[in-house]
Trainee: 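Quick one: the structure is below, and I'll ask about it shortly.
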Amino acid sequence: MSQTIAPPSWMTAAPTRAVIAALEAAGGADCARFVGGCVRDTLLDRPVVDIDIATRLTPQQTITALEAAGLRAVPTGVEHGTVTAISDHRPFEITTLRRDVETDGRRAVVAFTTDWAEDAARRDFRLNALYLDGDGLVHDPVGGGIDDARAGRIVFVGDAQTRIREDYLRVLRFFRFFAWYGRGAPDAVAVAACAALKDGLTTLSGERVAKELLKLLAAADPRPAVRLMADTGVLAVLLPWPLDFPRFEAMVGIEDEAVLRLAALMPDDPTAALALAQRLRLSNPLRDRLVAALGPPGLAADLSPVGARQTLYRLGAQTFRDRVRLGWAQSGGPEQPWRDLLALAQGWTPPRFPLGGADAKAAGVAAGPAMGRALKAVEAWWIEQDFPDDRAALKARLAAMGEAKT
């Protein structure tokens, strides 16, 4: 099956034309086609972010062709056939047509081919096995991909269980694509295959799982996909903790940031948050943010302005905002008090405590642990008094503490 479309602007742009011209100069007409997401999203009139190209050229031929045209070639995954072209500072991922020789559920050994149908047969879903040539002709070698994209159907290429056993990440990819592109009831065969083979997810690296999970949660409305993951038992494999579905579902209407939606699902337990971060091998900043967001105490909507400023100072702006949103999603109450707290975090900059070690020494406080305790005590009083801009009063209080020790 095929269909002709008007060439989109990203395809006719000068950087894109330069890459295609370089490949065709080496391999002739129809040696390269656009593939996957850029084709699917063009059919759906969605923005195209990444431009992927499939080619009959080998990786070395691709590199030679690009360099001959004055383009930079980066061997980002040569063993799997992938070279990244840089044209006018824009990356284009170019991959040689492939067929699988051996798979183990985590990675594949591939052989290069010149057969478009062989390349299509190893892809995950029919709507991702679409190719667009230079004349605007959309090729659908496995059949059904064009119709699937337009109908919002996520259907595996060929036998669903076979595709999943090739790479268990495809279980999670199914739910991710359902979250982003699915409409109506999910494909029953795909759902059954994901449920049957869900335990294969435990063999994958945390980084791969985290990347897919966070992409899924960043969809405009991931709630149907997450509910389906729960119903099939897939979610329990990934997140084996008591989950808060009502808070998560409320959070989707409040915040589109994936990490905060993930936090909303989790229990208010920093130990569980740390275990999840380690399980998914999250970056240190994401780990720290998740642990801080789910730590005690929770925030109430009726915080006084003074109490809100004190809490914001102690928690820091990011953790304060995260806990406000988590409290909002948990409460089910009026949203204005929560919006007011967020406005405070946006509009008020916590002051810096104005005293330090030199002030304590001048006040007669002995060096060592006693000095640290004295400064903390004065800082606590300063916070309790709503951060008065009175350095003299703070120094006097510190001096009184120094005198009390003598």
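Counting begins at 1 with the first residue of the sequence.
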Trainee: At what distance, to the nearest 0.5 angstrom, does CG of Leu66 lie from OG1 of Thr62?
Mentor: 6.5 Å

Trainee: For the ring pair Phe320 and Trp348, is the centre-to-centre distance below 6.0 Å?
Mentor: no

Trainee: As a quick check of understanding, evaluate side chain to side chain contact (heavy atoms under 4.5 Å, CB included) for Leu217 and Phe248, giving each step before the final call.
Mentor: CA-CA 10 Å; Leu217 292 174; Phe248 163 73; 3.9 Å; yes

Trainee: Could you report the tightest heavy-atom contact between Leu355 and Asp359, atom names first, then the distance?
Mentor: CA-OD2, 3.4 Å

Trainee: If you draw the axis of the six-membered ring of Trp116, does the NZ or CZ of Arg33 fall within 45° of it and under 6.0 Å from the ring centre?
Mentor: yes

Trainee: Looking at Arg90 and Val48, what are the two nearest heavy atoms and their distance?
Mentor: NH2-O, 4.3 Å

Trainee: Do Thr96 and Thr58 pair up side chain to side chain, a donor and an acceptor below 3.5 Å, judged on atom types alone?
Mentor: no

Trainee: Is the number of heavy atoms from other residues, nucleotides or ligands within 6.0 Å of CD (Gln346) greater than 12?
Mentor: no

Trainee: With a 3.5 Å distance limit and no angle check, can you tell me whether Ser87 reaches the backbone of Pro15 through a side-chain donor-acceptor pair?
Mentor: yes

Trainee: Glu118 and Thr113: side-chain donor and acceptor closer than 3.5 Å?
Mentor: yes

Trainee: Run Val237 and Asp199 through side chain to side chain contact (heavy atoms under 4.5 Å, CB included) and show every step you take.
Mentor: CA-CA 7 Å; Val237 173; Asp199 289 338; 3.7 Å; yes

Trainee: Under a 4.5 Å cut-off applied to non-hydrogen side-chain atoms, are Leu326 and Met251 in contact?
Mentor: yes

Trainee: Count the heavy atoms of every other residue, nucleotide or ligand shown that sit under 6.0 Å from CZ of Arg72, and state whether that count exceeds 12.
Mentor: no

Trainee: For Glu212, give me all partners under side chain to side chain donor-acceptor pair (under 3.5 Å), at least two apart in sequence or on another chain.
Mentor: Arg173, Arg176

Trainee: Is there a side chain to side chain contact (heavy atoms under 4.5 Å, CB included) between Arg163 and Val157? Walk through the geometry before answering.
Mentor: CA-CA 7 Å; Arg163 293 286 82 75; Val157 171; 4.3 Å; yes

Trainee: Can you tell me which residue among Asp147, Asp148, Asp187 is in a side chain to side chain donor-acceptor pair (under 3.5 Å) with Arg126?
Mentor: Asp148

Trainee: Phe174 versus Phe156: any side-chain heavy-atom pair under 4.5 Å?
Mentor: yes

Trainee: Just do the side chain to side chain contact (heavy atoms under 4.5 Å, CB included) check on Thr95 and Asp52 with the steps written out, would you?
Mentor: CA-CA 8 Å; Thr95 303; Asp52 294 339; over 6 Å; no

Trainee: Return the CG to CZ distance between Leu201 and Arg170, rounded to the nearest 0.5 Å.
Mentor: 13.0 Å

Trainee: What do you reckon, is CZ of Arg227 surrounded by more than 12 foreign heavy atoms closer than 6.0 Å?
Mentor: yes

Trainee: Under 6.0 Å between the ring centres of Trp382 and Tyr313?
Mentor: yes

Trainee: Roughly how far, to the nearest 0.5 Å, is the CZ atom of Arg309 from the CG atom of Asp386?
Mentor: 4.0 Å

Trainee: Do Glu24 side-chain atoms and Ala29 backbone N/O form a donor-acceptor pair below 3.5 Å?
Mentor: no

Trainee: I'd like to know if the side chain of Arg150 reaches the main chain of Leu44, judged simply by a donor and an acceptor atom lying under 3.5 Å from each other, with no hydrogens or angles considered.
Mentor: no

Trainee: Would you say the side-chain atoms of Asp119 and Tyr131 include a donor-acceptor pair closer than 3.5 Å?
Mentor: yes

Trainee: Mark yes or no for whether Asp390, through its side chain, and Leu394, through its backbone, hold a donor-acceptor pair below 3.5 Å.
Mentor: no

Trainee: Going by an N to O cut-off under 4.0 Å, is there a salt bridge joining Glu249 and Arg261?
Mentor: no

Trainee: Assess, by modelled atom type and distance only, whether the side chains of Thr76 and Thr84 contain a donor and an acceptor separated by less than 3.5 Å.
Mentor: yes

Trainee: Using the test side chain to side chain donor-acceptor pair (under 3.5 Å), find all partners of Glu67 that sit at least two apart in sequence or belong to another chain.
Mentor: none

Trainee: Ignoring hydrogens and geometry beyond distance, is a side-chain donor-acceptor pair present between Trp10 and Thr16 at under 3.5 Å?
Mentor: no

Trainee: The test is side chain to side chain donor-acceptor pair (under 3.5 Å); show your working for Arg40 and Tyr181 and say whether it passes.
Mentor: CA-CA 10 Å; Arg40 176 198 64 229; Tyr181 296 97; 2.8 Å; yes

Trainee: Hey, is Arg289 close enough to Asp322 for a salt bridge, meaning N to O under 4.0 Å?
Mentor: yes

